[in-house]
Amino acid sequence: MNVYDSRKMADVLAPMGYKQIEEPDGADMIILNTCHIREKATDKVFSELGRLKKHKDQGEKEDRKVLMAVAGCVAQAEGDFIAERAPYVDMVFGPQTYGELPEMVAQATGAYGKDRVINTNFDEEDKFDKLPEETTEQGPTAFVAVQEGCDKFCTFCVVPYTRGGEYSRSVKAVYNEILKLADQDVREVSLLGQNVNAYHGLDENGNTASLADLILKVADINGIERIRYTTSHPRDMQQDLIDVHAHHKVMPYLHLPVQSGSNKILKAMNRKHTRDLYFDIIERFRKVRPDIAISGDFIVGFPGETEQDFEDTMDLVRHINYSSAYSFKYSQRPGTPAATMGGLVREEVKDERLQRLQALLADQMRQFNEQTVGLDLPVLFDGNPRPDQLHGRTPYNQAVHVQGNPRLNGHFENVRITGTNGKSLTGELILAEAA
Ligand code: 5AD
Ligand code: SF4
């Protein structure tokens, strides 16, 4: 979501003459887009700010004003604290305010007599209306936010507080944005939302559309060949979304976080579902797409997690067989209900559990990748790390490297998968014979 938001900030600023550059050196404005989800991410903000300040100081020496900004969820949650602790920061603004950037920049440059911006306004509905449809997107894949915020209130999570309540964009707004992307040669879209399968936007007739309805509408767009979506919640998983995976444009990949395999911990997390519901959902997906790649998120060391609870998570993982996954040590977040729960798990225990879980998940990832060796798969090329090498993704979202001409970048080609290092694949272009 932050990658998408950063692109949108660049889009809003483009008409003012700003252009995104790769390095902060020589920039007129530096925006640090931040994440508040875990303590580590938040800690990084101040060390990064200290590092980036050098560019502002350098600018001052050269008599050049460099605006410094902190955006994103840390700005939303800790705006005043940042302003106080980092007085050199000119703008602090939350995720709902990016459409107001032109006014904020004007203010920060002194246009209204004052020159500092602290903006943590919270108007979910308005956010997308103020963002331009035009985009600076380059490359064959793009993120598109369709839903933002969350009403689930998992007890460990800051999202409902930093991103606000659930809000869905209209079908038309999403459709129009993707039409433009298709015009710019985007071939794959990932529909984004903190709780994307809770999507309930209005369609042209004023009816509520589900994520499956939206996906089918997007699938009508010429040029868009692949559709993905992330991240889903088990409680919002409806059969129509499962069924939509029969469509050839919907990729055989599902990211469905479960967090824990213990019913007791799921309850304490306020996940509002059991491990059995999770098994049932995965089974129903596999009925429609037996080859579907399953990915997930896990938290180890939630307050009260015993060795047995953790074993339940390991057991769930063994039953599901993940193709990839993200796993984290529980991180106490201020203001969340879990932050005041007893039964804290010691750091060494968290470390040890995370290691065991990650070893199992890495093993499953290797196995999944090995299963695809020998197959011919369509790959969308999205970059060339070396002049004679292409990078792309399979339908299962595996990274593949092949030898090939960079002109194939942005195109689909069939690739024979020849090997894996466990994490990514190597392959050979099949077209070579024909070309
Ligand atoms: N501690 C650890 N991991 C967390 N996540 C969210 N909040 C926390 C937290 N307080 C993880 C969850 C979620 C992912 C985006 O980040 O696994 O699915
Ligand atoms: Fe956070 Fe996801 Fe739970 Fe919402 S559903 S509170 S975003 S973990």
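Whatever order the structure lists them in is the order used to number ligands and atoms, beginning at 1. Positions are given from 1, in the same order as the sequence printed here.
Among protein heavy atoms, atom 15 (C) of ligand 1 sits closest to D297 OD2, 3.8 Å. For atom 4 (C) of ligand 1, the closest non-hydrogen atom of the protein is I299 CD1, 3.6 Å. Of all protein heavy atoms, the one lying nearest to atom 6 (C) of ligand 1 is I37 CG1, 3.4 Å. Atom 11 (C) of ligand 1 has its closest protein heavy atom at R38 NH1, 3.3 Å. Of the protein's heavy atoms, F156 CD1, 3.3 Å lies nearest to atom 7 (N) of ligand 1.
Taking a cut-off of under 4.0 Å to the non-hydrogen atoms of K329, the atoms of ligand 1 that pass are 1 (N), 2 (C). Near Q259, meaning under 4.0 Å from one of its heavy atoms, ligand 1 places the atoms 12 (C), 13 (C), 17 (O), 18 (O). Under a 4.0 Å criterion applied to the non-hydrogen atoms of F328, ligand 1 contributes the atoms 3 (N), 11 (C), 14 (C), 16 (O), 17 (O).
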*Could you walk me through whether H255 and Y229 pass ring pair (Phe, Tyr, Trp, His ring centres under 6.0 Å), step by step?*
CA-CA 8 Å; H255 182 243; Y229 58 92; 10.0 Å; no
_Check against ring pair (Phe, Tyr, Trp, His ring centres under 6.0 Å), H391 and F381_ = CA-CA 6 Å; H391 174 276; F381 290 117; 8.7 Å; no
*Please assess D203 against K217 for the test salt bridge (Lys or Arg N to Asp or Glu O under 4.0 Å), listing each intermediate value before the final yes or no.*
CA-CA 10 Å; D203 69 11; K217 184 88 185 159; over 6 Å; no
*Kindly determine whether H36 and E78 satisfy side-chain hydrogen bond (donor to acceptor under 3.5 Å, both in side chains), including the steps that lead there.*
CA-CA 9 Å; H36 200 235; E78 297 181 17; 3.1 Å; yes
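Shown here are the protein N/O/S atoms lying under 2.8 Å from atom 3 (Fe) of ligand 2, water excluded: C154 SG.
Side-chain contact check for D240 and S210: at least one donor-acceptor pair (N or O, by modelled atom type) lies under 3.5 Å. Side-chain contact annotation: D351 with Q355, donor-acceptor N/O pair under 3.5 Å absent.
Note that the CG atom of N397 and the OG1 atom of T230 stand 9.0 Å from one another [nearest 0.5 Å].
Contact between E39 and ligand 1 is absent, with no heavy atom of the residue lying under 4.0 Å from the ligand.
Of the candidates A339, C157, S331, the one placing a heavy atom closest to atom 10 (N) of ligand 1 is S331.
Y322 pairs in a ring-ring contact (aromatic ring centres under 6.0 Å, His included) with only one of the listed residues (F298, Y253, F368), which is F298.
Under a 4.0 Å N-O distance rule, the pair E283/R286 does not qualify as a salt bridge. Comment: E352 does not engage K329 in a salt bridge, judged by the lack of any side-chain N to carboxylate O separation of less than 4.0 angstrom. Using a cut-off of 4.0 Å between Lys/Arg side-chain N and Asp/Glu carboxylate O, R353 and E305 are scored as salt-bridged.
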